[in-house]
Number of protein chains: 2
Amino acid sequence: MMTQIRKHQPSLTPKLAARRSGAIDVVLDPALFKALADSTRAVLVACIAKCGRGCSVGEVAECCSVDVSVVSRHLALLARAGVLEVSKQGRTVRYQVRYTDVSRSLRALADAIDECGPTSCGARDGGCC
Amino acid sequence: MMTQIRKHQPSLTPKLAARRSGAIDVVLDPALFKALADSTRAVLVACIAKCGRGCSVGEVAECCSVDVSVVSRHLALLARAGVLEVSKQGRTVRYQVRYTDVSRSLRALADAIDECGPTSCGARDGGCC
DNA sequence: CATACACTTGCATGATGACGCAAATACGCA
DNA sequence: TGCGTATTTGCGTCATCATGCAAGTGTATG
């Protein structure tokens, strides 16, 4: 889905054309942003990212002042959103940032926005939306 | 704030060093993501982005099924968040995407994440956070 | 000036979600 | 098997926010 074909093709449906060009409709998915919109989660992600290695729930909980149960819920949410990946070692659960995936998603959105820029698309077919 | 000095300086405070290197603490600001986390706002932003030119509130309201007042509030919020810029022409208010700013913010975060990647930072000074 | 249009704002409502505490589950270890 | 540690889950509460409707503000046009 992220590695779709980019070679030129004639007569694409609008939907496929959108995906192929990384149109902003497809890339601007609120799911990732919902995950990063909470300030506590932002701290947790930054904590794990800086750590580099996988962090246990208890370790991450020391980053902020909220309860461990809250941290556990936040990390599970971030994993579901694709921001983190989980690995279990015995009774400890380690979370790590999906560096390449998150970075790629952000760059895809940045690319889509750049493609929509006034220099590249100008006044299109008139109608708004 | 977006155009801070990037030239090399000796003896930076940690905060300044963080800003200079685009550390994830500073770049991972939930404000932008809060703005894009709502599905209705995502539609509105995509609508304006695809439009290329500035769109009036009424035009954007036709993109989705919510009331014009709701759209007005969403657009004002997005403008406060730095996603959109506003310009008034008579009695119509036009919103446009801050293409370069938003794109730059997203790439800065992607860069910060990449810098935190396991290949580039590995196991740092031991402690998590 | 009166009217119509474009937009904003006040207010009430319902939904979502973050949080803490307590209890439950999972697992290693003696 | 019993205990301690790590994590998850149930539940109640409080805050935030998205939405619609109605009323208000500002501006062009007759």
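A note on names: the letters A, B, ... follow the listed sequences, proteins ahead of strands, and every chain is numbered from 1.
- A donor-acceptor pair under 3.5 Å links the side-chain atoms of A:T92 to the main chain of A:Q89, judged by distance alone.
- When distances run from any side-chain atom of A:R73 to the nucleotides D:dG20, D:dT9, D:dT8, the shortest one goes to D:dT9.
- One atom, CG of A:L77, and another, C1' of C:dA18, lie 11 Å apart when rounded to the nearest Å.
- Residue A:V70 is classed as a base contact, given a heavy-atom separation below 4.0 Å to a base.
- Heavy-atom distances to DNA chain C give each of A:V68 and A:Q89 a nearest nucleotide, and the one nearer the 5′ end belongs to A:V68.
- Regarding contacts with the backbone of D:dG4, every side-chain N or O of A:R91 stays at 4.0 angstrom or more from both OP1 and OP2.
- With rounding to whole Å, B:R80 atom CZ is found 10 Å from D:dC17 atom P.
- Atom pair A:K88:NZ and C:dC27:P shows a separation of 7 Å (rounding to whole Å applied).
- Between A:E62 atom CD and D:dT5 atom P there is a gap of 15 Å when expressed in whole angstrom units.
- Taking 4.0 angstrom as the limit, B:T40 places a side-chain polar atom (N or O) nearer than this to OP1 or OP2 of D:dT19.
- In this structure, of D:dT8, D:dT19, D:dC21, it is D:dT8 that holds the atom nearest to the side chain of A:S69.
- Atom-to-atom, CZ of B:F33 to P of D:dC17 comes out at 17 Å; the value is rounded to the nearest Å.
- What separates NZ of A:K34 from P of C:dA18 is a distance of 11 Å, to the nearest Å.
- Although no hydrogens or angles enter the test, the distance criterion places no donor-acceptor pair under 3.5 Å between the side chain of A:E85 and the main chain of A:Y95.
- Closest to the side chain of B:D67, out of C:dT8, D:dG20, D:dT7, is D:dG20.
- As rounded to whole Å, 14 Å separates atom C1' of C:dA18 from atom CG of A:L75.
- Closest non-hydrogen pair, B:R98 versus B:L84, comes out as NE-O, 3.3 Å.
- If you check every strand for non-hydrogen atoms under 4.0 Å, B:V57 touches sugar and phosphate atoms only.
- Contacts of B:R41 with the nucleic acid, taken as non-hydrogen atoms under 4.0 Å apart, involve only primed sugar atoms and P, OP1 or OP2.
- Nearest heavy atom pair, residue B:A112 against residue B:A23, reads CB-C, 4.2 Å.
- Closest approach to the B:H74 side chain among D:dA18, C:dC7, D:dT7 is made by D:dA18 (side chain taken as heavy atoms from C-beta onward).
- A:C47-A:C64 SG separation is not under 2.5 Å; the pair is not scored as a disulfide.
- The distance between atom CD of B:E59 and atom C1' of C:dC7, rounded to the nearest whole Å, is 14 Å.
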